[in-house]
Number of protein chains: 2
Amino acid sequence: MNNKINVLRALADETRLRIINLFIKSGQNLCVCELMDALKIPQYSVSKALTIIRNADLLTAEKEGTWVYYELNKNTTENKNLFSFLKNYLSDKVFLEDELRLNERLILRENNKCVVGIIPEKDLLKMIKGKAKA
Amino acid sequence: MNNKINVLRALADETRLRIINLFIKSGQNLCVCELMDALKIPQYSVSKALTIIRNADLLTAEKEGTWVYYELNKNTTENKNLFSFLKNYLSDKVFLEDELRLNERLILRENNKCVVGIIPEKDLLKMIKGKAKA
DNA sequence: TTTTTATATGCCAAATCTTGCATACAAATA
DNA sequence: TATTTGTATGCAAGATTTGGCATATAAAAA
């Protein structure tokens, strides 16, 4: 009972819902700085949201150097059912825009790893254009 | 976006979740006094919870005399998907006990209408026993 | 060893939510 | 009309949450 309420409380917030949506729609692991660029919100805000979602057992975290990769926790049937429900339920312009920005940011990965870190928005746009050409 | 967050916030509370569970599992309309007996919580607490759930568009209300019958709002695909997800997701001892108490209380209906109102717990038990015999 | 970098978290004030009581309201009944 | 009954809601205190800043931490780089 309490764990389910924790899950629902974790979902009941715009930032956290946008984050969960990105994990569900992208179907892959993501690090904090990538979420920052996709959501356009500050680092501490992403980190705090991730901690709450993780405490609700919806995410797992794995450290690689200074980077931390988060991923959906699909270890239980309940979580899997939840995620497949949300995949359809979470449709909104806001979510869609997040997904587009995330896709652009993910272009910058190398060997499927984040190598960019936290960068000013101007540099981000330049780097993406550069990558798109190459 | 905002309506979905409102829905999730409506779900993120024990009392409200227990109420929604009863509507989903029983599959029928219910009035405030029936919910009071099923959940064993005060009237104002039920009414307030119902108002919040209703404002999230998850319930509809219909007045019949002094009684108000609430019912799941299945007017949208989203709500229908939500309810069918919750039907499996909401399994817990607490929910089960609520369901059992609701079933007993529903024995007292006549022509599928609530005719009992708000009564002391002792009287409730007697009335149920009486009905069970008949 | 010092500095940088990605991420996490303590703290604080503002905002929001919860809880219980008392009371309001509306429809039926006397 | 006065009363009862089922339901809704205003209010206030206490609890919880949110948002932003500053700083802590840990791993890599210099």
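Chain letters run A, B, ... following the sequence lines, proteins first, then strands; residues in each count from 1. Computed over heavy atoms, backbone and side chain alike; hydrogens, waters and symmetry mates excluded.
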Identify all pairs in which a protein N or O lies below 3.5 Å from an N or O of nucleotides 13-17 of chain D, and state each distance.
residue : atom : partner : partner atom : Å
D/dT17  : OP1  : A/R9    : NH2          : 2.0

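- In this structure, B/I118 atom CD1 and D/dT7 atom P are separated by 6 Å, rounded to whole Å.
- Between B/N29 atom CG and D/dT7 atom P there is a gap of 12 Å when expressed in whole angstrom units.
- A donor-acceptor pair under 3.5 Å links the side-chain atoms of B/N3 to the main chain of B/M1, judged by distance alone.
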* Give the C-alpha distance, both sets of side-chain angles, the deciding distance and a yes or no for side-chain contact (heavy atoms from CB on, under 4.5 Å) between A/L50 and A/L35. => CA-CA 10 Å; A/L50 286 170; A/L35 289 168; 4.0 Å; yes

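- Checking side-chain atoms of B/N79 against main-chain N and O of B/D57 turns up a donor-acceptor pair under 3.5 Å.
- Applying a 4.0 Å cut-off to non-hydrogen atoms, the residues of residues 48-74 of chain B that approach DNA chain D are B/K48, B/T51, B/T66, B/W67, B/V68, B/Y70, listed by residue number.
- The interatomic distance linking B/I41 (CD1) with D/dT7 (P) rounds to 13 Å, in whole Å.
- At whole-Å resolution of the value, CG in B/L35 and P in D/dA8 are 10 Å apart.
- Without hydrogens or angle criteria, A/Y69 side chain to A/C114 main chain gives a donor-acceptor distance under 3.5 Å.
- No side-chain heavy atom of A/V94 sits under 4.5 Å from any side-chain heavy atom of A/N21.
- Heavy-atom contacts from other residues, nucleotides or ligands closer than 6.0 Å to NZ of A/K113 number more than 12.
- A/D13 places its CG atom 14 Å from the C1' atom of C/dC17, with the value rounded to the nearest Å.
- Distance from the side chain of B/C31 is smallest for D/dT7 among the nucleotides D/dT9, C/dT7, D/dT7.
- At whole-Å resolution of the value, CD1 in A/I119 and P in C/dA6 are 9 Å apart.
- Counting heavy atoms from C-beta on, the side chains of B/L106 and B/L102 come closer than 4.5 Å.
- For the pair A/K131 and A/R109, the tightest heavy-atom approach, listed with the atom from each and the gap, is NZ-O, 4.2 Å.
- C/dT18 atom C1' lies 16 Å from atom CZ of B/R18, rounded to whole Å.
- In this structure, B/Q43 atom CD and D/dT4 atom C1' are separated by 15 Å, rounded to whole Å.
- Residue contacts shown for B/V116 are limited to sugar-phosphate atoms, with no base heavy atom under 4.0 Å away.
- Using a 4.5 Å heavy-atom threshold, the side chains of A/R105 and A/C33 count as touching.
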